[in-house]
Asks: 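My structure is below; once you've seen it, I'll send some questions.
Proteins get letters first, then strands, A, B, ... in listed order; numbering begins at 1 in each. Fair warning: this is a prediction, and the values are worked out from it, not measured in the lab.
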2 protein chains.
Amino acid sequence: MTRRPTMNDIALDAGVSRATVSLVVRDSDQIPESTKQRVRASMERLGYVYNRVAGTMRGGGSRNLGLLLTNIQNPYLAEVSMAVEAAAQESEYTLLQGYSLGDVERERRLVRSMVENQVAGLIVMGAVESDGSAFDGLGGPRAVPLVTILRPIDSVAADHVGIDDRRAGRLLGAHLAALGARTVAVLGGFEGARMLEARLGGLREGLAGSPARIPTSMVVTDDGHGNYSSETGAHLVAELLERGSCPDAIVTYTDAYALGVHQGLRQHGIEPGADVALASFDNIPTAAQIHPTLTSVDSAPHLLGAEAFRLLTSRIAEPGGVAESVVVEPHLVIRQSTALWAPPTPA
Amino acid sequence: MTRRPTMNDIALDAGVSRATVSLVVRDSDQIPESTKQRVRASMERLGYVYNRVAGTMRGGGSRNLGLLLTNIQNPYLAEVSMAVEAAAQESEYTLLQGYSLGDVERERRLVRSMVENQVAGLIVMGAVESDGSAFDGLGGPRAVPLVTILRPIDSVAADHVGIDDRRAGRLLGAHLAALGARTVAVLGGFEGARMLEARLGGLREGLAGSPARIPTSMVVTDDGHGNYSSETGAHLVAELLERGSCPDAIVTYTDAYALGVHQGLRQHGIEPGADVALASFDNIPTAAQIHPTLTSVDSAPHLLGAEAFRLLTSRIAEPGGVAESVVVEPHLVIRQSTALWAPPTPA
DNA sequence: GTGAAAGCGCTAACAT
DNA sequence: ATGTTAGCGCTTTCAC
């Protein structure tokens with residue numbers, strides 16, 4: 001026999017009916033132990049592997065979920081992926097994973113392919129330009145449950161798990177104000193994107209009441225296609241320094257940029273931490289490993305992933321209803337890159 | 001109608017038979033353009049989505065592949081994942097992904113679940129202790145094609161894509177010898193693992209002919225359960241320094257460890273690059289971003305992922321035959337952490 | 001060029 | 001406690 005054995009084969013071999021085999025697979029207590037033993041022995045001997053695809057098609061819902069991310073070069077998203085996978089494995093779900101690279105066309109293809117594969121639900125970090133058209137087939141009464149993470153998608157009323165970016169900004173702003181920074185630069189982030197606006201707004205709130213300002217000339221955005229590489233950070237800081245004087249503090253959009261800023265500053269003879277305070281968002285592992293260690297706002301990727309999974313599965317269990325939105329609270333991790341800094345003493 | 005529309009619904013709506021709809025989906029040229037248009041219009045209007053699961057069950061083989069990694073906190077594996085995904089997307093495959101965390105039990109569960117889900121093939125980075133028992137059902141004539149990456153799995157005769165670890169070690173050894181290093185320490189890696197043995201062996205070969213040695217007391221291994229965190233590196237270097245004097249050069253098993261070694265050295269007042277040469281394997285992006293930048297052996301994760309995919313799909317197309325083994329050639333990227341170092345001048 | 005019918009491997013309702 | 005039957009959504013001969 002060259003094909004894989006089926007329940008029929010097992011039934012035949014064990015001298016029972018196919019239905020009985022099916023019940024044994026699910027360990028039903030209608031089946032006496034003696035029969036189970038016999039059936040299991042046949043499975044073992046013939047090398048039977050349950051065909052979940054056929055089972056799903058017949059009856060119960062799919063146990064597959066789709067996880068669509070932009071890019072896991074970004075350690076933050078890598079950790080989200082691992083968190084979702086851990087939760088899925090725990091609950092006996094399987095994960096279809098894909099990367100859009102921030103490209104709307106890839107995103108559309110991936111969503112389509114996951115839905116064609118009958119996923120029970122989707123967790124999506126959308127591309128910046130996502131207009132929701134990739135999710136058209138998912139709306140309406142026969143919707144595939146969808147949870148967006150980090151970036152809500154325009155015109156798609158889905159459950160969402162995000163970060164309180166405003167609060168993240170505020171934490172950082174308050175910290176920099178307390179240090180005595182007077183001028184703060186902001187590097188990176190897609191101009192007009194909600195995330196950047198929220199972080200900037202929060203930063204301003206945190207700085208309010210102190211003499212600190214964020215001069216317009218010191219806000220340098222990128223085009224949002226960032227692959228979150230440190231090179232982006234190096235470019236951004238080069239542009240900043242070209243524009244004029246060095247600020248007291250630099251806030252970058254994500255830790256990866258801060259690494260590039262490190263480099264860029266040193267090339268100009270400026271020592272991060274000592275000459276200028278540097279802080280960022282995401283708190284990737286590297287932040288604690290570079291020198292000087294990097295102050296960063298931690299946004300609990302593990303929690304975010306776990307919440308996204310929880311929200312998705314509860315929506316699968318209980319479809320419909322109004323979209324829910326969960327916010328993960330960030331916390332500030334203060335390290336050398338700001339702690340070492342002090343305002344220049346007026347000589 | 002609350003359920004998703006099926007081919008039957010489309011057929012009914014378009015006034016053709018189900019078989020015709022099936023042919024339209026695959027754009028068969030037996031169907032005249034006029035009919036296709038009509039059918040496609042119905043699909044559009046009813047919001048039809050092709051059910052690939054049912055299609056697979058009936059006829060053609062599955063278009064799903066399984067990718068089983070230990071952990072994508074490791075940027076090297078993250079890049080492998082992205083490479084495999086890119087290739088899969090290109091060829092209209094879908095990816096089931098899971099993380100074993102180096103745990104044999106999780107590995108077993110994931111393999112089982114992927115096979116139950118009828119994947120057409122598997123790409124696996126096995127846990128250190130994998131004995132192949134997780135892959136038992138896959139052997140024999142009805143095998144699921146399997147490609148192992150980076151670490152062959154004992155007793156499983158599968159296609160393999162690996163790195164020429166010996167060569168990687170040799171490149172590094174030759175470089176350190178040329179620098180004039182006399183004592184070289186090796187930190188990290190699971191004692192007895194092939195990968196470590198190969199790298200160590202290569203390192204010795206590269207050093208041969210020079211006065212350099214690797215004292216036994218300067219080889220500090222770990223337990224192989226490493227999550228590739230920099231903390232491991234910090235511990236390893238602490239242990240090394242406890243054992244006695246500082247070597248001329250330190251080679252770590254992976255870049256993440258080197259970051260921790262950075263930290264650990266500085267805590268002892270030793271400056272990496274200046275006081276001791278430091279080099280590693282993997283060449284993760286961070287290697288170019290820290291200070292001093294880190295010399296590392298690049299092992300082309302993107303190439304490795306692409307090769308694994310190529311090997312797997314060609315095995316799916318042409319099952320059986322003798323297992324193939326592909327080796328990706330590493331190359332040395334020299335950066336400040338070694339370039340800045342010079343032997344102490346005998347005063 | 002299109003339709004009718006069988007069947008992939010499984011589950012669930014009902015029957016015994 | 002186990003068997004019978006129908007059918008999930010699709011593809012594939014084989015008719016017409």
Asks: Taking CZ from R38(B) and C1' from dG1(C), how many angstroms apart are they, rounded to a whole number?
Replies: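 About 11 Å, once rounded to whole Å.
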
Asks: Taking 4.0 angstrom as the limit, do D131(A) and R108(A) come out as a salt bridge?
Replies: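 Looking at D131(A) and R108(A), the cut-off is not met.
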
Asks: Would you tell me if any nitrogen or oxygen in the side chain of S17(A) comes within less than 4.0 Å of OP1 or OP2 on dT2(D)?
Replies: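 So the side-chain polar atoms of S17(A) never come under 4.0 Å of the phosphate oxygens OP1 or OP2 of dT2(D).
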
Asks: Rounded to the nearest angstrom, tell me the gap between atom CD in Q118(B) and atom P in dG9(D).
Replies: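 About 19 Å, once rounded to whole Å.
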
Asks: Starting from C1' on dG9(D), measure out to CZ on R26(B) and report it in whole angstrom.
Replies: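 These atoms are roughly 14 Å apart.
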
Asks: Is there, by distance only and without an angle test, a donor paired with an acceptor across the side chain of R58(B) and the base of dG9(D) below 3.5 Å?
Replies: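 When only heavy-atom distances are counted, R58(B) does not reach the base of dG9(D) through any donor-acceptor pair under 3.5 Å.
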
Asks: Would you say dG9(C) has OP1 or OP2 under 4.0 Å from some side-chain N or O of Y48(A)?
Replies: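 So the side chain of Y48(A) is outside the cut-off, no N or O lying under 4.0 Å from OP1 or OP2 of dG9(C).
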
Asks: Using atom CE of M57(B) as one end and atom C1' of dT11(C) as the other, report the distance to the nearest whole Å.
Replies: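 Those two atoms, CE and C1', are 11 Å apart.
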
Asks: With a 4.0 Å cutoff (strictly under), does any side-chain N or O of T20(A) reach OP1 or OP2 of dA1(D)?
Replies: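 For dA1(D), neither OP1 nor OP2 has a side-chain N or O of T20(A) closer than 4.0 Å.
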
Asks: Within this structure, what is the CD-to-P distance between Q30(B) and dG3(C), rounded to whole angstrom?
Replies: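 So the CD-P distance, Q30(B) to dG3(C), works out to 13 Å.
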
Asks: Take the protein atom CG of D9(A) and the nucleotide atom P of dG9(C), then report the distance between them rounded to whole Å.
Replies: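 Taking CG of D9(A) and P of dG9(C), I get 8 Å after rounding.
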
Asks: Just N and O in the side chain of R4(A): are any of them under 4.0 Å from OP1 or OP2 of dC8(C)?
Replies: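 For dC8(C), neither OP1 nor OP2 has a side-chain N or O of R4(A) closer than 4.0 Å.
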
Asks: Output yes when R4(B) and D9(B) qualify as a salt bridge under the 4.0 Å nitrogen-oxygen rule, no when they do not.
Replies: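 Looking at D9(B) together with R4(B), the answer is no, because their closest N to O distance does not fall below 4.0 Å.
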
Asks: If I take atom CG in residue N51(A) and atom P in nucleotide dG9(C), what distance separates them, rounded to the nearest angstrom?
Replies: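 Spelled out: CG on N51(A) to P on dG9(C) is 8 Å.
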
Asks: Identify whether the distance between the nearest side-chain nitrogen and carboxylate oxygen of R40(B) and E44(B) falls below 4.0 Å.
Replies: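 No, this pair does not count.
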
Asks: To the nearest angstrom, how far is M7(B) atom CE from dT2(C) atom P?
Replies: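 After rounding, the reported distance stands at 15 Å.
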
Asks: For a side-chain contact (heavy atoms from CB on, under 4.5 Å) with V119(B), tell me which candidate from L65(B), L96(B), L95(B) qualifies.
Replies: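 Result: among L65(B), L96(B), L95(B), L96(B) is the only option passing the side-chain contact (heavy atoms from CB on, under 4.5 Å) with V119(B).
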
Asks: Check this for me: does the side-chain of R18(B) come within 3.5 Å of the base of dT11(D) through a donor and an acceptor?
Replies: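 A donor-acceptor contact between them is present.
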
Asks: Give one of base, sugar-phosphate or nothing for T35(B), where a contact means two heavy atoms less than 4.0 Å apart.
Replies: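 If one applies the 4.0 Å heavy-atom cut-off, T35(B) turns out to touch the sugar-phosphate alone, with no base involved.
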
Asks: Any donor and acceptor pair, going by atom type alone, linking the side chain of R18(B) with main-chain N or O of N8(B) inside 3.5 Å?
Replies: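 Judged by distance alone, no pair lies under 3.5 Å.
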
Asks: Ignoring backbone atoms, test whether S22(A) places a side-chain nitrogen or oxygen under 4.0 Å from the OP1 or OP2 oxygen of dA12(C).
Replies: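 Negative; the distance criterion is not met.
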
